[in-house]
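Structure first, commentary second.
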Number of protein chains: 2
Amino acid sequence: MGYSIGQVAKKTGLTAHTLRYYEKEGLLPFVKKSGSGLRVFTDVDLDWLSMIECLKETGMPLKGIKQYIDWFLEGDSTLEKRLEMFKQHQKNLETEMQKLKKHMARISYKIKLYEKAVETGSLEKAQTDAEIIKERQKIFPEK
Amino acid sequence: MGYSIGQVAKKTGLTAHTLRYYEKEGLLPFVKKSGSGLRVFTDVDLDWLSMIECLKETGMPLKGIKQYIDWFLEGDSTLEKRLEMFKQHQKNLETEMQKLKKHMARISYKIKLYEKAVETGSLEKAQTDAEIIKERQKIFPEK
DNA sequence: ATTTGACTTAGAGTTACCTCTAGACTGCAA
DNA sequence: TTGCAGTCTAGAGGTAACTCTAAGTCAAAT
């Protein structure tokens with residue numbers, strides 16, 4: 001019914017160092033200490049870590065995550081702020097995804113190009129290949 | 001038919017500082033200098049910058065990008081390596097996108113939750129709402 | 001001819017996010 | 001009870017990717 005820092009490190013893939021660092025930065029406000037000073041993590045803390053991971057991996061800086069946690073701790077008076085934060089984050093994320101998709105198309109094109117190049121032994125030859133040029137035009141319609 | 005560092009900065013959204021930094025790091029091996037030592041960028045350099053942007057925004061560190069450029073400069077003997085690099089990068093990217101999608105679903109859920117919470121003035125009330133619980137189960141089927 | 005603004009270099013400083021060290025303490029197993 | 005892995009704190013160190021400073025050069029406009 002409680003986890004040591006090492007157990008949580010294994011569960012989350014973070015290091016114990018990082019968990020202490022997160023706590024120091026105010027990202028884990030619910031972690032308790034045992035009588036002898038050892039951290040005792042609960043499932044609530046694991047839920048928070050999972051939310052932190054979600055926000056971090058979608059590009060929110062630790063400061064932003066901390067802001068959210070601080071608002072959470074302030075209680076229901078900050079509900080609008082938190083909603084607004086999530087909405088903004090979602091918007092950023094959608095923009096980001098659009099960009100990623102374009103970049104992926106470009107990388108797929110590069111793979112086709114380099115497959116052709118490896119086949120013929122020459123990048124230049126591949127670049128003048130009719131199929132490749134057609135492919136390229138899909139990704140760079142302006143050119 | 002050549003661009004100054006300031007013109008390229010405007011075109012790309014990077015600062016002149018950053019462009020010099022990229023050059024120092026070996027990311028812009030084709031940029032020439034005028035007689036008086038000013039950098040002269042060409043369209044080829046803009047193409048490279050655009051590729052650098054693509055790789056950087058898809059999470060490749062500058063070192064990885066430099067490796068690619070170094071291989072490019074070595075010529076056709078590194079075609080396989082470059083193909084392999086792009087394939088690996090594509091794989092990473094696909095994994096990343098899957099993760100992002102999951103995170104986005106979670107953020108959408110949070111928005112619904114907080115919309116409900118703002119409506120009722122209480123996060124706790126919102127969390128016990130039947131619709132919200134159903135929504136939550138879509139994202140956390142295990143719970 | 002002078003001013004204005006962009007450009008040059010080398011190198012120091014910044015921010016975010018860890019990552020590690022040292023030296024001490026804890027808790028369980030043999 | 002001895003040993004050893006795990007944990008503690010405070011604080012230093014590291015890395016990536018910029019970002020800026022200083023001190024000076026260059027070039028177009030007035």
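Values in this document were obtained by computation on a predicted structure and should not be read as measured data. By convention in this document, chain letters (A, B, ...) are assigned in the order of the sequence lines, proteins followed by strands, and residues within each chain are numbered from 1.
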Exercise. Spell out protein contact along nucleotides 7-20 of chain C as letters: B when the base is contacted, S when just the sugar-phosphate is, - when no protein heavy atom is under 4.0 Å; keep the 5' to 3' order.
Key: SBB------SBBBB

Practice problem: Report the residues that fulfil side chain to side chain contact (heavy atoms under 4.5 Å, CB included) with A/Met60, sequence neighbours left out, ordered by chain and then residue number. | Solution: A/Leu55, A/Ile65, A/Met85, A/His89

Exercise. Would you list the pairs meeting salt bridge (charged side-chain N to carboxylate O under 4.0 Å, His left out) in which at least one residue belongs to residues 52-67 of chain A, sequence neighbours left out?
Key: A/Glu57-B/Lys99, A/Lys66-A/Asp70

Quiz item: What salt bridge (charged side-chain N to carboxylate O under 4.0 Å, His left out) pairs are there with at least one residue in residues 101-122 of chain B, not counting sequence neighbours?
Solution: A/Lys87-B/Glu115, B/Lys112-B/Glu135, B/Lys116-B/Asp129

Self-check item: Partner residues of B/Lys11 under the side chain to side chain contact (heavy atoms under 4.5 Å, CB included) criterion, sequence neighbours left out
Solution: B/Tyr3, B/Leu46

Quiz item: First and last nucleotide of DNA chain D in contact with chain A, 5' to 3', at under 4.0 Å to a heavy atom: what are they?
Solution: D/dT7 to D/dT9

Self-check item: Contacts of B/Ser36 that satisfy side chain to side chain contact (heavy atoms under 4.5 Å, CB included) - sequence neighbours left out
Solution: B/Ser34, B/Leu38

Self-check item: Partner residues of B/Pro29 under the side chain to side chain contact (heavy atoms under 4.5 Å, CB included) criterion, sequence neighbours left out
Solution: B/Ile69, B/Leu73

Listing, residues 17-24 of chain B side-chain donor-acceptor contacts under 3.5 Å, not counting sequence neighbours, or none:
unit_1: B/Thr18; atom_1: OG1; unit_2: B/Thr15; atom_2: OG1; d: 2.9
unit_1: B/Glu23; atom_1: OE1; unit_2: B/Arg39; atom_2: NE; d: 2.2
unit_1: B/Glu23; atom_1: OE1; unit_2: B/Arg39; atom_2: NH2; d: 3.2

